[in-house]
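Letters A, B, ... mirror the listed sequences (proteins, then strands); counts begin at 1.
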Protein chains: 2
Amino acid sequence: MTKTAAQKRAQAKVEYDAFLAGCPSRQLLDRISDKWVVLVLCALGDDGAPTAMRYSEIARRLAGVSQKMLTQTLRSLERDGLITRTVTPTVPVTVSYELTDLGLSLREMTRGLRSWAQTHMDEVLAQRQDYDARSS
Amino acid sequence: MTKTAAQKRAQAKVEYDAFLAGCPSRQLLDRISDKWVVLVLCALGDDGAPTAMRYSEIARRLAGVSQKMLTQTLRSLERDGLITRTVTPTVPVTVSYELTDLGLSLREMTRGLRSWAQTHMDEVLAQRQDYDARSS
DNA sequence: GAGAGTTACTTCCTGTCAGGAAGTAGGCAC
DNA sequence: GTGCCTACTTCCTGACAGGAAGTAACTCTC
C-alpha cells in the first residue's frame, strides 16, 4: 500500500531540525533557551497547578528582572501562545498572566532545568574549584 | 533523637533557590539556559551513547556558530565539569570533547527542550499568526 | 482641586557582549 | 619558503540587556 498525500505531509512535519541555522525550530529553541523565559515559566504556577499571576507578582518573584525585560519576555511568550494576558479594568488596571496548555508542556522542561541547577549545584561548584586549581 | 551538625548541613544544602538573584543556582541556571549550551549538549552524543566529538565536528553540526562562541561555550562546560577536553598530539593537533556523567544528566533536559521545540513548532507558528492577525 | 500614589508599562541612554573577520602556532607537504 | 591543516585568540563593530526616568488613567488625601 502506497502512502497518501496526507501521510507524506505528516511525515514532512517531523523534519524540523534544531541544528540547522535557518530552521524555524532552531529559532524557537533560541527563544526558549533564554534565562528569563525559563524563569518566568517556572514562576507561573510555581506550585503544581497553573495559577494566574499578576505582573507585579512575577516581578517580585523573579528578583533582579528589569521591568523592560519582564514585559518583553511576557510579550514573546504571549505571541507564541504559551501564556495568556488578561487585563482587568480595576482601580489601577491589573494584568494577569496564565499558562496555556502549550506553555504548561514547556514548563515541564524548564522546571527540569531549574531543579537540575538546584540539585547539581554542589557538584558543579566542586568541579569549578578543581578546574581553577588545575589551571593556576 | 536530635540532628547532628552534618545532618543540618545536608539540609541547608537543599536551600538553593534559583529565583533569588544572588543564589549560585540562579547563576548556574542563567548559564545553562543559553542557546549554545543547549545546542552543544544536544549535539554531543546525539545518538544515545555519549560519543566523543572533535571541535570541527561540533562546529559542522551546529550550523551558524562562530568559532569564538563555540570555544567559549566549550570552556564554560568544561569548567563546570559537564564535558571533558582531550588533546591528542596528532599531525595537526586534534581536540575531542565528551560528556561526563554530570553533563549526561543535563543533556536529558536539553534534549527535552530540543524535541519540544521540534514537536510543537507547528502550534507555535499557528499561534503567532493568530496573534499577528489580532494585533493588526 | 492640586498633589501624591497606584499599576503596568514605554522610552532613553549606556555599558556589555555576540558574532564576523582576520591573525596565530606548529608541524607537514611540495 | 609558500601553503595548508586544526584549533584556537584577538580585534572591532553593531545589537541588545539593564537601569533610570517618564507616561496614562484613575483614586484618595487634605
Stepwise side-chain contact (heavy atoms from CB on, under 4.5 Å) check, A:Arg107 with A:Leu104: CA-CA 5 Å; A:Arg107 198 193 55 163; A:Leu104 207 58; 3.9 Å; yes

Kindly say if [X] contacts the phosphate of [N], meaning a side-chain N or O under 4.0 Å from OP1 or OP2.
{"X": "A:Arg85", "N": "C:dA8", "answer": "no"}
{"X": "A:Arg75", "N": "C:dT10", "answer": "yes"}
{"X": "A:Tyr97", "N": "C:dC9", "answer": "yes"}
{"X": "A:Arg54", "N": "C:dA8", "answer": "yes"}

Exam field: side chain [X] to backbone [Y], donor-acceptor pair closer than 3.5 Å:
{"X": "B:Thr100", "Y": "B:Gly81", "result": "yes"}
{"X": "A:Tyr16", "Y": "B:His120", "result": "no"}
{"X": "B:Ser33", "Y": "A:Ser33", "result": "no"}

Calculate the interatomic distance between [X] atom [atom1] and [N] atom [atom2]; express it in whole Å.
{"X": "A:Glu78", "N": "C:dA8", "atom1": "CD", "atom2": "C1'", "answer": "14 Å"}
{"X": "A:Met53", "N": "C:dA8", "atom1": "CE", "atom2": "C1'", "answer": "15 Å"}
{"X": "B:Asp30", "N": "D:dA17", "atom1": "CG", "atom2": "P", "answer": "13 Å"}
{"X": "A:Arg60", "N": "C:dT6", "atom1": "CZ", "atom2": "C1'", "answer": "13 Å"}
{"X": "A:Glu57", "N": "C:dT7", "atom1": "CD", "atom2": "P", "answer": "11 Å"}
{"X": "A:Gln67", "N": "D:dA17", "atom1": "CD", "atom2": "C1'", "answer": "15 Å"}
{"X": "A:Leu39", "N": "D:dA17", "atom1": "CG", "atom2": "P", "answer": "15 Å"}
{"X": "A:Lys35", "N": "D:dA17", "atom1": "NZ", "atom2": "P", "answer": "10 Å"}

If you check the [X] side chain, which of [options] turns out closest?
{"X": "A:Trp36", "options": "C:dT6, D:dG18, C:dC9", "answer": "D:dG18"}
{"X": "A:Tyr55", "options": "C:dT6, D:dG19, C:dC9", "answer": "C:dC9"}
{"X": "B:Gln72", "options": "C:dG26, D:dA21, C:dA18", "answer": "C:dA18"}
{"X": "A:Met69", "options": "D:dA7, D:dA17, C:dA18", "answer": "D:dA17"}
{"X": "B:Ser56", "options": "C:dT10, D:dT9, D:dA7", "answer": "D:dA7"}
{"X": "A:Thr94", "options": "D:dT6, C:dA8, D:dG18", "answer": "C:dA8"}

B:Val87 side chain near B:Arg85 side chain, heavy-atom distance below 4.5 Å: yes

Residue whose nearest DNA chain D nucleotide is more 5′ - A:Thr90 or B:Leu74: B:Leu74

If each of A:Lys68 and A:Val95 is mapped to the nucleotide of DNA chain C with the nearest heavy atom, which maps nearer the 5' terminus, i.e. the 5' end? A:Val95

